[in-house]
Amino acid sequence: MEPAEMPAQPAYPLVLTNLAAVRCVVVGGGAVAERKARDLLAGGARPCVISPDLTAALASWRDAGRLEHVARRYRAGDLAGAFLAIAATDERATNAAVAAEAAGICALVNVADDPPACNFHTAAAVRRGDLLLAVSTSGGSPALTARIRRELEQRYGEEYGRLLKLLRRLRQGAARTLPTEKRSALWRRLVSDPMLGWLRDGEDAQAEQFALALLEELAAENDKVTG
């Protein structure tokens with residue numbers, strides 16, 4: 001008989017912010033731990049990595065002061081004060097012990113070799129400035145996750161990050177004076193193929209000029225209505 005397929009657990013997507021203010025612990029010093037630590041660093045954390053040995057990349061981040069290194073094996077109590085923990089050793093017993101301690105202190109925990117023991121799964125991410133595109137199979141297929149991430153990398157270039165930067169500047173500045181319906185019209189016309197084309201071709205000045213001209217046009221229309 002074929003083994004019964006384990007049903008996927010319901011998942012709730014979220015984005016963690018302000019990780020610099022909380023304790024994040026990675027147990028393990030190999031390739032998997034390196035990948036998990038890299039994601040935490042990209043998210044603004046300064047993780048504590050517990051392992052006798054480190055990969056070259058982890059060692060370089062330690063030497064640069066980007067992470068804390070406890071150069072020994074995991075011990076019970078190492079997660080004290082942790083908000084988030086990742087078990088990424090090649091020893092199932094150690095990973096299980098990390099998961100159990102995390103559960104006991106109600107910390108978020110990800111276990112590299114045991115998806116059912118996790119209460120969160122990391123997502124494969126594509127970053128374009130402040131734009132974050134993430135995909136997860138909830139631990140079901142890292143290979144499929146990696147394929148979709150590669151497709152996102154090809155589909156969404158750096159121009160999307162530059163467009164977001166421009167939109168944020170307008171949203172926090174001159175566009176605030178427009179009424180709601182005019183702002184909605186502005187965003188719809190700026191999130192467009194011509195804007196992305198200019199930015200893709202390095203014509204940032206052209207894109208910004210178009211955005212400012214459109215902003216002035218909408219402001220003038222509003223003045224006529226209210227005048």
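Since this is a predicted model, take the numbers as computed values, not measurements.
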**Report entry** Member of Glu216, Glu217, Glu221 meeting the salt bridge (charged side-chain N to carboxylate O under 4.0 Å, His left out) criterion with Lys182
**Finding:** Glu221
Report summary line: Closest heavy-atom pair, Val26 versus Ala33, reported as atoms and distance to 0.1 Å, is CG1-CB, 3.9 Å
**Report entry** Residues that Ala146 engages under side-chain contact (heavy atoms from CB on, under 4.5 Å), provided they are two or more places apart
**Finding:** Arg149, Arg150
Report summary line: Closest heavy-atom pair, Ser141 versus Thr137, reported as atoms and distance to 0.1 Å, is N-OG1, 3.0 Å
Report task. Evaluate the side-chain proximity of Asp78 to Val98: yes if any heavy-atom separation is below 4.5 Å, no if none is. Result -> no
**Report entry** Exam field: side chain Glu101 to backbone Gly77, donor-acceptor pair closer than 3.5 Å
**Finding:** yes
**Report entry** Close side-chain approach of Val109 to Leu79, heavy-atom, < 4.5 Å
**Finding:** no
Query raised in the report: Of all residues at least two apart in sequence or in a different chain, which pass the side-chain contact (heavy atoms from CB on, under 4.5 Å) check with Arg62?
Result: Leu54, Ala59, Leu67, His69
Query raised in the report: Could Arg38 and Trp61 be counted as a cation-pi pair, given that NZ or CZ must be under 6.0 Å from the ring centre and within 45° of the axis?
Result: no
Query raised in the report: Below 4.5 Å, heavy atoms only, C-beta onward: do Leu218 and Arg183 meet side chain to side chain?
Result: no
Query raised in the report: side chain to side chain donor-acceptor pair (under 3.5 Å) with Arg75: which residues, sequence neighbours excluded?
Result: none
Report task. Provide the full list of ring pair (Phe, Tyr, Trp, His ring centres under 6.0 Å) pairs with a residue in residues 147-167, sequence neighbours left out, each pair given once. Result -> Tyr156-Tyr160
Query raised in the report: Listed by chain and number, what are the side-chain contact (heavy atoms from CB on, under 4.5 Å) partners of Leu16, not counting sequence neighbours?
Result: Leu14, Leu19, Phe83, Leu84, Leu108
Query raised in the report: Excluding sequence neighbours, so at least two apart, what forms side-chain contact (heavy atoms from CB on, under 4.5 Å) with Val70?
Result: Cys48, Ile50, Glu68, Arg72
Query raised in the report: Closest approach of Ala134 and Ala123, non-hydrogen atoms and distance?
Result: CB-CB, 3.7 Å
Requested in this report: List in chain and number order the residues that pass side chain to side chain donor-acceptor pair (under 3.5 Å) with Glu91, two or more places apart in sequence or in another chain; answer none if no residue qualifies.
Outcome: Arg73, Thr94
Report task. Indicate yes or no: at least one non-hydrogen side-chain atom of Pro47 is less than 4.5 angstrom from one of Leu41. Result -> yes
Query raised in the report: Is a side-chain donor or acceptor of Arg128 paired with a backbone partner of Glu153 at a separation under 3.5 angstrom?
Result: yes
Report summary line: Those residues at least two apart in sequence (or on a different chain) that pass side chain to side chain donor-acceptor pair (under 3.5 Å) with Asp201 are none
Requested in this report: Using the ring pair (Phe, Tyr, Trp, His ring centres under 6.0 Å) rule, collect all pairs that involve residues 190-211, keeping only residues at least two apart or in two chains.
Outcome: Trp198-Phe210
Query raised in the report: Under the ring pair (Phe, Tyr, Trp, His ring centres under 6.0 Å) rule, what pairs show up with a residue in residues 120-142, not counting sequence neighbours?
Result: none
**Report entry** Listed partners of Asn95 passing side chain to side chain donor-acceptor pair (under 3.5 Å), at least two apart
**Finding:** Thr89, Asp113
Report all side-chain donor-acceptor pairs from residues 172-180 shorter than 3.5 Å, counting only partners two or more places apart or in another chain.
unit_1: Thr177; atom_1: OG1; unit_2: Ala174; atom_2: O; d: 2.9

